[in-house]
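Data first, discussion second: the structure below is written as structure tokens.
So you know, we letter chains A, B, ... as the sequences are listed, proteins then strands, and number each from 1.
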Amino acid sequence: MSDRNYWLMKSEPDAYSIDDLERDQVEPWDGIRNYAARNYMRDEMKVGDKVLFYHSQISPPEIVGTMEVASEPYPDPTQFDPDSKYFDAKSSEEDPTWILVDVKFVQKFDKPVDREAMKKESALDDMELFRLSRLSITPVREAEWNKIMEMAEG
DNA sequence: GCCAACGTTGGC
DNA sequence: GCCAACGTTGGC
């Protein structure tokens, strides 16, 4: 329990939203094609880690709920599918480049926490979300997680 | 739609 | 191995 990690994962709701996850319950977080994000999934995530679900590319961008890491890391099947937009011809089954985890729906916030509100909170000043603006998976500190939960309830 | 940030590619 | 060109992300 003490080694639990917290994360934030972005998705464009047009591609995959919190409502899609609530319907599916468990879903492979596929399509990640950035090495830093892959490394977090491959090397650092543990089953049961808690994850903030962030909707990007909409106005306003916001955290809309939470989920949990629900599998060990395994190869992203879309990299081997020529019909997928995530197909990677340079990757092979023997030595896959892209690794993902499954995520499981936990809750959808009644009141999403938007980016603007987060920026106003000094407790969230150091969030990796703001520092690494284009990275789609970032670590979250326990104090940051707790603050966001408080904001979602308030 | 614009543009800044930044990761990737490829020529040398 | 450097670095310019290029492509993508994502806030605004």
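Within 4.0 Å (heavy atoms only), A/K90 reaches sugar-phosphate atoms of the nucleic acid but no base atom.
Ionic pairing of A/K119 and A/E116 is not present here: no N-O contact between side-chain nitrogen and carboxylate oxygen is shorter than 4.0 angstrom. Using a 4.0 Å cut-off between charged side-chain N and carboxylate O, A/K147 and A/E144 make no salt bridge.
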I need a per-nucleotide contact map over nucleotides 6-12 of chain C, read 5' to 3'. Cutoff is protein heavy atoms under 4.0 Å; write B for the base, S for backbone only, - otherwise. -BBBBBS
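Separation of atoms CD1 (A/I137) and CZ (A/R38) is listed at 11.5 Å; rounding is to 0.5 Å.
Ring orientation note: the planes of A/W7 and A/Y40 are tilted relative to one another, at an angle of 30° to 60°.
A/M45 and A/F105 fall within the same hydrophobic cluster, defined by Ile, Leu, Val, Met, Phe, Trp and Tyr side-chain heavy atoms under 4.5 Å apart, directly or through other members.
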